[in-house]
Trainee: 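Dumping the structure here so I can ask a few things about it.
Remember, predicted model here, so these are calculated numbers, not experimental data.
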Amino acid sequence: MSTEGGTKAVVAALFANLGIAVTKFVAFLLTGSSSMLAEAIHSVADSGNQGLLLFGGRQSKRRADAEHPFGYGRERYVYAFVVAVVLFFVGGIFALYEAWHKIGHPAPIDKWQWVPVTVLVAAIVMESLSFRTAILETKKVKGDGVSWWQFIQRAKEPELPVILLEDLAALVGLVFALFGVSLTLITGDGIWDGIGTAAIGVLLIVVAAILAVEMKGLLVGEAASPEQIAQIKAAIVAGPEVESLIHMRTVHLGPDELLVAAKIAVRHDETAAEVARGIDAAESRIRAAVPIATIIYLEPDIYQAGKPAKTDLPDTAEAH
């Protein structure tokens with residue numbers, strides 16, 4: 001994902017949610033609908049989400065220093081994790097509390113009855129436009145043959161998966177709210193308003209759990225994609241300087257920064273100067289093949305045929 005594309009989707013969602021939050025709060029004050037209050041809190045939480053994502057993006061661009069020699073790229077993962085764990089869960093729990101209160105003490109919507117339906121329909125239109133922007137930006141980087149769920153699971157950039165799920169949750173939540181409000185208006189029974197609010201709370205918590213799991217994996221540290229690993233391995237052994245690849249490790253330092261560490265086999269009769277030139281050439285090939293490989297460590301070794309690699313991690317490669 002290009003950073004620009006992710007930022008565009010975040011900004012679009014931020015402006016949409018700020019406008020929607022104001023209209024929902026007005027509708028709640030006029031009608032007393034718990035679904036409208038839950039949806040208003042949902043939109044406020046979503047706006048906070050986007051603010052945190054934008055802030056995390058700025059923080060991640062800071063230069064590496066002595067205390068953080070590999071830079072601050074994972075700041076984007078930290079703030080995306082906070083979005084999932086704190087704001088989504090807080091919004092979800094608040095909605096469930098409101099639902100419990102409303103179901104226990106149901107009350108009809110007996111004033112300004114046209115307001116909540118009008119606000120919800122307008123909010124669905126605005127959220128649909130925001131969701132459309134996120135889909136268009138994601139399609140630019142998703143790749144053919146990759147499902148939306150696979151993209152969410154594999155993406156190393158947190159912004160678009162967060163916005164996609166957030167906008168989807170917002171749209172479904174609005175449908176739940178419209179369902180609860182409409183049935184309350186039709187039947188005069190406020191319990192339907194509470195049921196719609198409960199559905200919104202459950203939805204937010206489910207989305208929070210999905211995002212928390214995905215962001216945790218990025219925080220712990222994920223390897224390059226299988227395609228990138230294959231490209232790096234091919235680049236290492238593409239020149240005459242490297243006899244074979246003994247083993248290799250990769251890890252994302254941030255969405256656009258990849259660390260590559262590998263042990264390579266060189267000829268036993270090469271001088272130190274020749275080995276150094278060979279490593280430089282191999283590093284250049286790696287960066288040309290996978291530009292986000294910003295930090296590369298290649299350790300030369302004299303490969304012994306039949307000697308097993310000293311690791312059994314998944315991306316270990318025997319010399320070839």
Side-chain angles (χ1 to χ4, degrees), residues 1-4 6 57 59-78 141 143 146 153-158 216-320:
M1 181 197 80
S2 66
T3 302
E4 181 182 354
Q59 293 292 96
S60 70
K61 294 177 182 178
R62 289 182 291 170
R63 293 181 179 274
D65 52 37
E67 190 173 356
H68 298 88
F70 292 115
Y72 293 84
R74 287 189 180 175
E75 290 263 12
R76 288 165 70 180
Y77 301 151
V78 171
V141 296
V146 178
Q153 289 183 304
R154 298 177 184 178
K156 299 300 187 289
E157 303 86 354
K216 180 188 74 69
L218 294 171
L219 273 174
V220 171
E222 291 188 355
S225 67
E227 295 80 10
Q228 290 172 328
I229 290 174
Q231 291 170 340
I232 293 170
K233 289 179 177 179
I236 289 175
V237 299
E241 309 88 359
V242 179
E243 283 196 325
S244 58
L245 172 64
I246 300 174
H247 61 75
M248 182 182 78
R249 296 289 171 267
T250 64
V251 66
H252 270 272
L253 302 175
D256 305 314
E257 297 176 281
L258 188 65
L259 183 149
V260 178
K263 178 174 282 190
I264 58 175
V266 298
R267 289 181 288 274
H268 67 86
D269 56 349
E270 285 185 329
T271 66
E274 290 172 332
V275 170
R277 285 194 295 270
I279 289 175
D280 289 342
E283 289 181 354
S284 296
R285 292 195 299 270
I286 293 171
R287 290 192 173 95
V290 182
I292 67 170
T294 54
I295 300 177
I296 302 171
Y297 296 111
L298 299 182
E299 177 187 355
D301 195 5
I302 306 300
Y303 180 69
Q304 302 175 25
K307 181 180 178 181
K310 297 180 180 180
T311 176
D312 58 356
L313 292 175
D315 58 336
T316 297
E318 296 293 338
H320 57 279

Trainee: In sequence, state the C-alpha distance, the side-chain angles, and the governing distance for Val260 and Tyr297, and then conclude on side chain to side chain contact (heavy atoms under 4.5 Å, CB included).
Mentor: CA-CA 6 Å; Val260 178; Tyr297 296 111; over 6 Å; no

Trainee: Which heavy-atom pair separates Arg74 from Val220 by the least distance, and what is that distance?
Mentor: NH1-O, 4.1 Å

Trainee: Enter the distance from Asp65:CG to Tyr72:OH here, rounded to the nearest 0.5 Å.
Mentor: 3.5 Å

Trainee: Show the nearest heavy-atom pair for residues Arg285 and Ala235, with the distance to one decimal.
Mentor: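 Smallest interatomic distance, heavy atoms only, reads NE-O, 2.6 Å.
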
Trainee: Excluding sequence neighbours, so at least two apart, what forms side-chain hydrogen bond (donor to acceptor under 3.5 Å, both in side chains) with Arg62?
Mentor: Glu75

Trainee: Work out which heavy atom in Leu245 is nearest to a heavy atom in Lys263; give both atom names and the distance.
Mentor: CD1-O, 3.6 Å

Trainee: Identify the two heavy atoms, one from Glu222 and one from Gly217, that lie closest to each other, and give their separation to 0.1 Å.
Mentor: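 Looking at all heavy atoms of both residues, the closest pair is CG-O, 3.2 Å.
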
Trainee: Under the side-chain contact (heavy atoms from CB on, under 4.5 Å) test against Ile292, which residue among Glu257, Lys156, Arg287, Gln228 passes?
Mentor: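 For Ile292, the side-chain contact (heavy atoms from CB on, under 4.5 Å) test succeeds with only one of Glu257, Lys156, Arg287, Gln228, which is Gln228.
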
Trainee: Rounded to the nearest 0.5 Å, what separation is found between the CE atom of Met248 and the CD1 atom of Ile264?
Mentor: 12.5 Å

Trainee: Which atoms form the tightest heavy-atom contact between Glu283 and Ile296, and what is the distance?
Mentor: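 In this case the closest contact between Glu283 and Ile296 is OE2-O, 3.7 Å.
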
Trainee: Checking Thr250 against Leu258 for the side chain to side chain contact (heavy atoms under 4.5 Å, CB included) test, could you report, in this order, the C-alpha distance in whole Å, the side-chain angles of both residues, the deciding distance, and whether it holds?
Mentor: CA-CA 7 Å; Thr250 64; Leu258 188 65; 4.3 Å; yes

Trainee: Do Arg76 and Pro255 come close enough that some side-chain heavy atom pair is under 4.5 Å?
Mentor: yes

Trainee: Quick one: closest heavy-atom pair of Tyr77 and Gly254, and the distance?
Mentor: OH-C, 3.3 Å

Trainee: From Arg249 CZ over to Leu259 CG, what is the distance, rounded to the nearest 0.5 angstrom?
Mentor: 12.5 Å

